Amino acid sequence: MSFVCILLSLVLILKKTQGVMMNSDSVEVIKAINSWKRSLASVDSDYAFETAGWSTPGSNIRLKCLPYHDFNSLRELQEIGCYLYENCPTIRSAISKMVSYVVSSGHRYNVSRRRVPKKFARGVSVSDSVVEEISAIIDYTLDNCYPGGWRSLQEESIIRLYREGEYFRRIFQSGQDVQVRFIEPYSIKSPQQTDGNEELGVQTAPGDAVNVTGYWNYSCEGSNCESVLIPAAEVQHAKQGVDANDPRGIPVLWTTFCQSARIRNVNEAMCKLAITQAAYAVVRQYDSTITFERMKSIAKGFSDARTEDGNPTPGSEVEAKGFTFEFPSMDVDARSFVEIIHQQQRDVAGVLDMPEFMLSADASSGNRASLVSAEGPFDRRVQREQSKLGYLDVEILWKSVQAYQGWSDERLSKVKKVVTIEPKYPRPASRDQHKEAAMLVNLVDAGLKSQQAAVAELGGDYITTQEERRVHAESELGMADSPDE
């Protein structure tokens with residue numbers, strides 16, 4: 001209530017100054033306030049119910065009270081997520097930071113043999129040359145499976161996941177080449193006739209909502225539009241904000257629509273207030289004895305003081321006839337409302353386990369110890385997102401290896417028993433790089449971490465690093481053996 005009372009007071013303050021603001025700036029201020037009042041009516045606590053149609057008991061989806069109950073309500077949720085991403089700087093910044101931390105410079109992948117009991121490896125023969133060839137195929141796939149490279153694929157995956165709550169990656173195989181493309185969420189749509197095992201375009205096995213057998217892709221060729229079933233083996237579907245049994249994901253940031261609207265409106269109102277305070281520096285008051293001719297000359301002088309676009313220059317004087325004007329808004333400090341904006345940003349940051357300063361770009365409110373501890377939950381969230389993304393990425397790499405080698409599904413299954421593709425994720429930048437390096441050295445010396453893993457954590461490639469070290473050593477040796485000139 002205090003937040004609403006403060007903003008309503010601001011409305012009254014600006015209305016009192018309406019008599020003086022007889023220019024385009026005043027019109028913009030009133031428009032901003034009216035826009036805020038309309039927004040306030042549309043972002044109350046019932047907004048989610050009105051737009052998304054929170055479900056009521058009556059079907060499998062509605063029994064769980066998901067914020068969607070059919071394709072149209074699902075699309076409304078996803079449109080809210082897209083709107084926030086395109087129009088709200090706070091939300092765009094939050095998603096951008098998730099991309100920066102989860103993807104960073106890109107993930108690395110190590111190919112190695114598994115340590116498995118002999119009975120599991122019986123009948124499977126994989127030479128060292130095959131392991132090296134798998135590594136080479138992976139390097140080729142990372143550069144060629146998606147326009148812009150592997151990192152672009154990962155970045156778009158995270159953006160779509162947080163913007164729309166899900167993404168669909170379709171894997172195309174042409175000979176030995178594997179390509180990955182995205183399917184738009186609105187294209188996954190139920191066909192006109194179903195067998196009862198389909199929900200919102202997701203086809204599942206009878207009696208098993210988790211075992212997905214295919215996805216219905218709605219497409220048009222000319223005037224002929226229909227949904228075509230794509231086998232699940234060709235599509236990767238990642239979703240968030242829901243359980244495994246639920247057919248579609250939801251954007252987790254859609255719940256911050258109210259906070260985002262308040263951040264925008266309070267910021268606009270404060271900017272307008274600051275502009276008004278700067279534009280009207282002095283009001284010169286006259287009583288009713290001033291003659292009409294005198295007022296005409298005053299009015300002419302005032303019009304001459306305006307700029308070409310009709311607005312007063314900052315710091316201009318206003319001549320007033322027969323009225324006394326007050327400026328209550330001059331006592332309002334626009335900076336005092338920054339805390340209100342920060343409070344709304346905390347709500348947004350809390351959805352993503354982020355510390356507040358990641359959205360406000362203001363770390364002055366906490367000391368070093370508190371900021372480091374506040375990063376802990378966010379670091380854990382980043383690790384979870386990296387693990388989920390890495391699981392799906394490794395599937396694509398194995399399909400690329402299978403296509404290039406020409407292996408059957410049975411042969412691929414046997415090879416995966418003795419060979420592993422292990423993703424190495426970049427870690428968040430350390431505040432103290434000397435301590436970070438010393439910790440890695442101690443772990444390697446103690447045998448708790450390999451040199452390959454240490455190089456991968458630092459965002460490098462072990463083979464490339466060793467080759468560069470060899471070239472550097474040969475160069476130093478050559479310089480030492482060369483005679484002095």
Side-chain angles (χ1 to χ4, degrees), residues 99-116 126-146 148-155 158 178 372 375 379 382-383 385-387 389-391 393-398 400-401 404-405 415-416 418-485:
V99 173
S100 298
Y101 277 82
V102 174
V103 179
S104 186
S105 59
H107 298 179
R108 307 285 181 177
Y109 303 88
N110 290 339
V111 182
S112 60
R113 292 180 178 273
R114 294 180 183 269
R115 294 176 57 86
V116 295
V126 178
S127 62
D128 293 339
S129 61
V130 172
V131 175
E132 294 178 359
E133 191 169 4
I134 291 175
S135 180
I137 295 171
I138 290 175
D139 291 339
Y140 175 82
T141 303
L142 298 181
D143 293 334
N144 297 278
C145 76
Y146 188 75
W150 189 257
R151 188 172 65 177
S152 297
L153 175 67
Q154 292 184 316
E155 289 176 353
I158 297 299
V178 168
V372 172
E375 292 175 356
D379 288 343
V382 169
Q383 293 173 8
E385 295 293 346
Q386 288 177 334
S387 179
L389 180 63
Y391 177 82
D393 290 345
V394 169
E395 283 189 355
I396 296 177
L397 298 179
W398 274 121
S400 179
V401 171
Y404 189 88
Q405 297 284 14
V415 171
K416 290 170 70 174
V418 296
V419 178
T420 178
I421 300 176
E422 183 180 4
K424 297 297 182 181
Y425 311 117
R427 298 179 59 186
S430 173
R431 294 177 180 271
D432 192 334
Q433 295 184 359
H434 292 287
K435 288 184 178 180
E436 185 81 8
M439 181 185 67
L440 289 176
V441 170
N442 292 335
L443 291 175
V444 171
D445 291 343
L448 300 176
K449 187 182 292 291
S450 65
Q451 292 186 0
Q452 291 88 334
V455 172
E457 285 188 9
L458 297 174
D461 180 76
Y462 178 76
I463 297 177
T464 303
T465 301
Q466 295 302 316
E467 180 65 20
E468 291 174 350
R469 292 182 60 191
R470 183 188 64 79
V471 172
H472 177 72
E474 292 177 354
S475 175
E476 292 290 327
L477 182 63
M479 293 177 63
D481 293 341
S482 62
D484 296 334
E485 295 183 356

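Note that these values count all heavy atoms, side chains included, but never hydrogens, waters or copies made by symmetry. All figures in this text were calculated on a predicted structure; none of them were measured in a lab.
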S.K.: Can you check side-chain contact (heavy atoms from CB on, under 4.5 Å) on K416 and I421, steps first, answer last?
M.R.: CA-CA 9 Å; K416 290 170 70 174; I421 300 176; over 6 Å; no
S.K.: Answer yes or no: is there a side-chain heavy-atom contact under 4.5 Å between Q405 and V415?
M.R.: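 Not in contact.
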S.K.: Quick one: CZ on R108 to CG on L142, what's the gap to the nearest 0.5 Å?
M.R.: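 Answer for the CZ-CG pair, R108 versus L142, is 9.0 Å.
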S.K.: Taking all non-hydrogen atoms of both residues into account, name the closest pair between Y404 and I137 and its distance.
M.R.: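 Of all heavy-atom pairs spanning Y404 and I137, the closest is CD2-CD1, 3.3 Å.
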S.K.: Determine, step by step, whether W398 and V419 satisfy the side-chain contact (heavy atoms from CB on, under 4.5 Å) criterion, reporting the C-alpha distance in whole Å, the side-chain angles of both residues, the deciding distance to 0.1 Å, and the verdict.
M.R.: CA-CA 11 Å; W398 274 121; V419 178; 4.1 Å; yes
S.K.: Could you give the distance from OH (Y109) to OG (S135), rounded to the nearest 0.5 Å?
M.R.: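 These two atoms lie 12.5 Å from each other.
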S.K.: I'd like to check L389 versus H107 (side-chain heavy atoms, cut-off strictly below 4.5 Å). Are they in contact?
M.R.: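 Side-chain contact under 4.5 Å: yes.
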S.K.: Counting only heavy atoms not in Y425, do more than 12 fall under 6.0 Å of its OH?
M.R.: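 Correct, the count exceeds 12.
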S.K.: Please name the pair of heavy atoms, one in V102 and one in Q386, separated by the smallest distance, quoted to 0.1 Å.
M.R.: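 Heavy atoms of V102 and Q386 come nearest at O-NE2, 3.2 Å.
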S.K.: Find the distance between CD (E155) and OG (S100) and round it off to the nearest 0.5 Å.
M.R.: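 Here the interatomic distance stands at 8.0 Å.
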S.K.: Supply the atom-to-atom distance L448 CG to L440 CG, rounded to the nearest 0.5 angstrom.
M.R.: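 One gets 11.5 Å once the value is rounded to the nearest 0.5 Å.
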S.K.: I need the minimum non-hydrogen distance between S129 and S127, along with the two atoms involved.
M.R.: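 Shortest heavy-atom separation between S129 and S127 comes out as OG-OG, 2.8 Å.
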S.K.: Backbone N or O of I396 within a donor-acceptor pair of the S400 side chain at under 3.5 Å?
M.R.: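 Checking the backbone N and O of I396 against the side chain of S400, no donor-acceptor pair under 3.5 Å is found.
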S.K.: From D143 CG over to I138 CD1, what is the distance, rounded to the nearest 0.5 angstrom?
M.R.: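 D143 atom CG to I138 atom CD1 measures 12.0 Å (nearest 0.5 Å).
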S.K.: Hey, does T420 have a side-chain heavy atom less than 4.5 Å from the side chain of S112?
M.R.: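 Yes, at least one pair of side-chain atoms sits under 4.5 Å.
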S.K.: Do the non-hydrogen side-chain atoms of T141 and V178 ever get within less than 4.5 Å of each other?
M.R.: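 T141 vs V178: side chains apart.
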S.K.: Does CZ belonging to R470 count more than 12 external heavy atoms closer than 6.0 Å?
M.R.: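 It does: R470 CZ has more than 12 such atoms within range.
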S.K.: Identify the two heavy atoms, one from V394 and one from P423, that lie closest to each other, and give their separation to 0.1 Å.
M.R.: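 The pair with the smallest heavy-atom distance is CG2-CD, 4.0 Å.
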S.K.: Does E385 use its side chain to pair, donor to acceptor, with the backbone of V99 at less than 3.5 Å?
M.R.: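 It does not hold such a pair.
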S.K.: Counting C-beta onward and ignoring hydrogens, is there a side-chain heavy-atom pair between W150 and L397 closer than 4.5 Å?
M.R.: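 They are in side-chain contact.
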